[in-house]
2 protein chains.
Amino acid sequence: MSQSIRVIVAEDQAMVLGALAALLETEPDITVCARSANGREALSAVAKLKPDVLVTDIEMPEMTGLTLAAEVRERYPQTRVMILTTFARPGYLRRALDAGAKGYLLKDRPAAELAEAVRRVHRGLRVVDPDLAAEAWDSGADPLTERERQILWRAGEGKSSLEIAEELHLSEGTVRNYLSEAISKLDASNRIDAARIARAKGWL
Amino acid sequence: MSQSIRVIVAEDQAMVLGALAALLETEPDITVCARSANGREALSAVAKLKPDVLVTDIEMPEMTGLTLAAEVRERYPQTRVMILTTFARPGYLRRALDAGAKGYLLKDRPAAELAEAVRRVHRGLRVVDPDLAAEAWDSGADPLTERERQILWRAGEGKSSLEIAEELHLSEGTVRNYLSEAISKLDASNRIDAARIARAKGWL
DNA sequence: AGACCGTAATGACATGTGTCACCTTCGATT
DNA sequence: AATCGAAGGTGACACATGTCATTACGGTCT
C-alpha cells in the first residue's frame, strides 16, 4: 500500500461533519486530517496541512464552498477540491467547475460513492454527477444580470419594491423594471414565482 | 456489557444516511440493524425488526418523520423515536412531541451527542435541545387555522389569489381575506413575508 | 340560550405590482 | 466613430393585493 490519502472535510452541520468523517475513516487508504465547520476555517486548515483532497459543502457561513474552491485553486493548487452538496442545481455545478473544483457529488448518492470519488479526484480524474451534468447542459446559462439577482433575492424575502429601492438607492420604478425583466426572462408569473425558479436553478 | 442497543436510521439523503450509520457503528454498545431512505420503508423495517430506537429525519418523501413517529407510537410502542433534523423550528418540535417522539436533536449539534442521545432515549429519558425548547415555549402556539395554512402555503409558491381560489373552490375575495388575516396574525408586511415567517416557525 | 369561533362571501377603497414605451449615461466591442 | 448592452430613470395604465365593514351559517362550549 502506498501513502494514505489525506483529506479535509468542511461542512457546517456538526453532526453531518462528524458522520462523514467517520464514514471516510472506515476506509484504510484514507485519513481525515482535519474537520472544518465553515469556509474560513477550512481555508486555514488547508494552508496548514496541505491535504490531497478537500471535500466541502457549498452553503456554509463565513465563506461558501464555491468561494473556498476558488481560493484553494489560486493559493494551494496541489489540493484538489471536491464539492459535496444537497443541491442538484445546474448553476451551482457550473460555478463550481468555474471555480476549479475537480468533483461535484450529491448527498443523495449512496455512501459508498464518497470514498471512491475521493480516490478518483486524488488520481487527477474529474467526478461529476452525470444526470446533473446533462441538466446543466440543456438548462442553459444564467440569464440574470447582477442587479436583477440582487433585486430578485430581496423580493423573494418578502420586501416591497419601495423597500428594495431604498436599500439599493434606486427609484421604485427601476426596481419594478428589473423585476419585470427577471419575471419575463424566467417565464414566471410574478416575483415570488421568479425567485422560486431562480433558486431551483442555483442562480440566486 | 448488557445487550447492544438496536437502532434503525431513517434519512432521505443516502450519503448522510450511510455516514450516520457509520458514526453509530463506531460505538460498541450500538448496532444499526436497518437503514431506510423514507418513512414508509422505515415503518416496515420497524414492523419487521422491532428495534429499541428509531432515529429519523423529518422532511422525507412518502411519509414525513412526524407522521412516522405517530404511527410507531401507535403500533410499536416498544420502539422509541428520536427525531434528528436540520430544522430548529418550534412548530416541528411541538408536533414531534405531540406525535410521541422521545427525543429531538439538531444536526448542527456535535457528532458525539448522537450516540449519547440514543442511549438516553433507550433508557426512557427524554432528549430535547434546550435552546429550541426555550424558543418553543415563548414563541407561542401556531396561530393559523387549517384554511389559512392551506392558502398561505400556495401563496408562498407564487400562486395568485385567483389561482388559489379556483384550486380550493373559493371566491377570490375569500382568499384575500384569509391572506389578510394570516398577514396580520404573523405581523408580516405581505403574503411572501408571512409565508417566510410561518415556514421559519414550522407552521407551514 | 347566548357567546364564540371557523368558514365563506360581497363590496369598496387605497396601494402595490407588472408591463410598456421611451429616455439618458457609460463603458466595452467592432 | 459607431454600435451595443448594462445600468438607471420617468410616466402611464391595467390589474393584483391588502384592508375593512358587514353579513351569514354551523358547530361547540358554558
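Only heavy atoms go into these numbers, but all of them, side chains included; no hydrogens, no water, no symmetry mates. Chain naming here is simple, since letters A, B, ... match the order of the sequence lines and numbering starts at 1 in each.
Counting non-hydrogen atoms under 4.0 angstrom, B:T174 reaches a base of the nucleic acid. B:L170 comes within 4.0 angstrom of sugar-phosphate atoms only, judged by non-hydrogen atoms across all strands, and of no base.
Atoms CD1 (B:I151) and P (D:dG18) sit 12 Å apart, rounded to a whole Å. At whole-Å resolution of the value, CD in A:Q150 and P in D:dA6 are 15 Å apart. Distance B:D187 CG to D:dG18 P: 15 Å, rounded to the nearest Å. Summarising the geometry, the separation between CG on A:L162 and P on D:dT17 is reported as 19 Å, rounded to the nearest angstrom. Separating the CG atom of B:D193 from the P atom of D:dT17 is a distance of 16 Å, rounded to the nearest angstrom. We find that CD of B:E148 is positioned 14 Å from P of D:dG18, with the value rounded to whole Å. Straight-line distance from the CG atom of A:N190 to the C1' atom of D:dA16: 10 Å, rounded to whole Å.
For the atom pair B:R199 CZ and B:K201 NZ, the distance stands at 15.0 Å (nearest 0.5 Å). Of the inter-residue distances, the one linking B:M60 atom CE with B:T85 atom OG1 reads 9.5 Å to the nearest 0.5 angstrom. The line from CD of B:E27 to CD of B:E25 is 10.5 Å long, rounded to the nearest 0.5 Å.
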Show the distances under 3.5 angstrom between N or O atoms of the protein and N or O atoms of nucleotides 24-28 of chain D.
none

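Around CD of A:Q78, the count of heavy atoms belonging to other residues, nucleotides or ligands within 6.0 Å exceeds 12. More than 12 heavy-atom neighbours from other residues, nucleotides or ligands sit within 6.0 angstrom of CZ on A:R6. Residue B:R120 qualifies as open at atom CZ: its count of foreign heavy atoms under 6.0 Å is 12 or below.
With B:Y92 as the aromatic partner, B:R95 does not meet the cation-pi criteria of under 6.0 angstrom to the ring centre and within 45 degrees of the ring axis.
A donor-acceptor pair is defined here as one N or O able to donate and one able to accept, closer than 3.5 Å; no such pair exists between the side chain of B:S36 and the backbone of B:N38. A side-chain donor-acceptor contact under 3.5 Å links B:E148 to the backbone of B:T145.
Between D:dA16 and B:S160, no contact under 4.0 Å exists linking OP1 or OP2 to a side-chain N or O.
Between B:R73 and B:T79, the side chains place no donor N or O within less than 3.5 Å of an acceptor N or O (distance only, hydrogens not considered).
Annotation: side chain of A:T86 is in contact with side chain of B:Q13 (closest heavy-atom distance under 4.5 Å).
Residues from residues 175-186 of chain A that place a heavy atom under 4.0 Å from any atom of DNA chain D, listed by number: A:R176, A:N177, A:Y178.
Close approach of DNA chain C to chain A, defined as any atom under 4.0 Å from a non-hydrogen atom of the protein, starts and stops at C:dT17 to C:dC20.
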